[in-house]
There are 2 protein chains.
Amino acid sequence: MTSATETTPGSNAQRERRRRILDATIALADEGGFDAVQMRAVADDADVALGTLYRYFPSKIHLLVTALGRQFDRAEQQSRSRQVPGDTPHERVMHVLGVTTTALQKQPKLTEALTRAFMFADASVADEIHDVGMKLTAMLTHAIDGTDQTREPTEEDEAIVRVIGDVWLSALMGWVTGRTSAADVTRSMDVAVRLLLR
Amino acid sequence: MTSATETTPGSNAQRERRRRILDATIALADEGGFDAVQMRAVADDADVALGTLYRYFPSKIHLLVTALGRQFDRAEQQSRSRQVPGDTPHERVMHVLGVTTTALQKQPKLTEALTRAFMFADASVADEIHDVGMKLTAMLTHAIDGTDQTREPTEEDEAIVRVIGDVWLSALMGWVTGRTSAADVTRSMDVAVRLLLR
DNA sequence: TCCAAATCTAGAACGTGTTTCAATATCATA
DNA sequence: TATGATATTGAAACACGTTCTAGATTTGGA
């Protein structure tokens, strides 16, 4: 038994199963969105029994929100190191939002699946949701303050970041449900950021 | 055939059926929330066949979003006439939000059902969603400007109203999914309004 | 190495949103 | 009023999330 490949608990075989499940989830979501992530299909593709899938993730929502967390981790790792370009908080925040929105547009089905799961999550998924919220907050706060650390994040910064996150979620909701366009998302964010960071 | 009881199309019997369906929907939602609004139960309570229910409303989401629109109409009628108290836009907006949030808290199950439907609605419900959005926008714009009509709603007013609506939806989402408290909703709104109307 | 406990598998089964269909009822009009 | 079109009914059937069960298989400790 080699060890320490991950911090996830369980035996090697279990970590492997978990990875296969999340990979299958992302692949199915990327192809067909929320509806295509069917529990029987995930189990089949991941080569586990349906009961096992439910042992690892107690519901489709848990499964998708966990997958969202993993995606967020990867995106954050990519962006954390780099300095955010832009001379003002406004410019930097819009840059981060722009880059992210562009990335989401490239995998619209996946975005739809993960966003819907996030919206539908109830109290039993509070931990995972909180996790995702923290990562988003960290990303935006980092953008407001810049990497040069000229100032500490103030309480006001945090409040602004929360409002931006809310507007973003609403905009994403409109987009993934097909009621608005991706350009509308950018437009909404631009207006909100202009109002908040002035 | 007496006429002109409503602007809704169809025969008297059809308008009656439609009303019974929406009444049953609201009653079930008020008692047990989103999950309790089961299509078979709605059909039974409204004394129509399941197929008839689907002829009137093509999905559970359409049904609930239409019910939401009806509730909004009633709330709007109540508030439209009255002058919104408060000397500043901030005070007036917070008053409207406070009154509405209090009302929603009194029927948490109903709020949960209608909010969830709103969040889940896809493009096929765009018209109904747009309708609800317009009503909310009108209410908030009215509050910002006051009844005394000292000024026209500016483009900025409209942008602010949209952002407030977004924050409100996010806050409601957290509350109806049991992840945050009703007090958190008020707090979120207060912070957002303070940031936007300064 | 052997055994008990934990885990995994295959598959059936249940609940609820949605679809479908044949039979019946209602309506609008000639 | 008769008749064809339209609406309603009742019931069955399907899809997918979820639960449950009985029998392998794996695992970890004596």
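Values below: every heavy atom of this structure, side chains too, minus hydrogens, waters and symmetry copies. Given the structure is predicted, the values throughout are model-derived calculations rather than measurements. Order of the sequence lines sets the chain letters (A, B, ...), proteins ahead of strands, with each chain counted from 1.
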### Task
Would you tell me if any nitrogen or oxygen in the side chain of Y56(A) comes within less than 4.0 Å of OP1 or OP2 on dT7(C)?
no
### Message
Whole angstroms only, please: what is the CG-P distance between L63(B) and dG17(C)?
### Response
10 Å
### Task
Please report the closest heavy-atom contact between D47(B) and R20(B), naming both atoms and the distance.
O-NH2, 3.6 Å
### Task
In sequence, state the C-alpha distance, the side-chain angles, and the governing distance for T177(B) and E112(B), and then conclude on side-chain contact (heavy atoms from CB on, under 4.5 Å).
CA-CA 7 Å; T177(B) 54; E112(B) 185 252 2; over 6 Å; no
### Query
Between A13(B) and F34(B), which has a closest nucleotide on DNA chain C that is more 5'?
F34(B)
### Message
Rounding to an integer number of Å, can you tell me how far E16(A) CD sits from dT26(D) P?
### Response
16 Å
### Query
Between R187(A) and D184(A), is there a side-chain N and carboxylate O pair less than 4.0 Å apart?
yes
### Query
Nearest of dT9(D), dG17(C), dA12(D) to any side-chain atom of L50(B)?
dA12(D)
## Note on the structure
Looking only at dT9(D), dT18(C), dT19(D), the nucleotide nearest the Y54(A) side chain is dT19(D)
### Task
Name the residue closer to the 5' end of DNA chain D, choosing between G51(A) and D35(A) according to the nucleotide with the nearest heavy atom.
D35(A)
### Query
dT9(C) P sits how many Å from M39(A) CE, rounded?
14 Å
### Task
Starting at atom CD of Q38(A), determine the distance to atom P of dC14(D), rounded to an integer number of angstrom.
17 Å
### Joint hydrophobic cluster, F72(B) plus I129(B), side-chain heavy atoms closer than 4.5 Å
yes
### Query
Within this structure, what is the CD-to-P distance between Q14(A) and dT27(D), rounded to whole angstrom?
8 Å
### Query
Whole Å only: how far is the NE2 atom of H62(A) from the P atom of dT19(D)?
11 Å
### Query
What nucleic acid atoms does R40(B) come within less than 4.0 Å of, heavy atoms only: base, sugar-phosphate, or nothing?
base
### Query
Checking all strands, does D47(B) fall into the base, sugar-phosphate, or nothing category for heavy-atom contacts under 4.0 angstrom?
sugar-phosphate
#### Entry: Separation of dT16(C) C1' from L28(B) CG (nearest whole Å)
14 Å
### d(CZ, R55(B); P, dG17(C)) in whole Å
21 Å
#### Entry: Test: R70(A) and D23(A) ion pair at under 4.0 Å
yes
#### Entry: Touch class at under 4.0 angstrom, heavy-atom based, for V42(A) against every strand present
nothing
### Query
What is the nucleic acid contact for F57(B), judged by heavy atoms within less than 4.0 Å: base, sugar-phosphate only, or nothing?
nothing
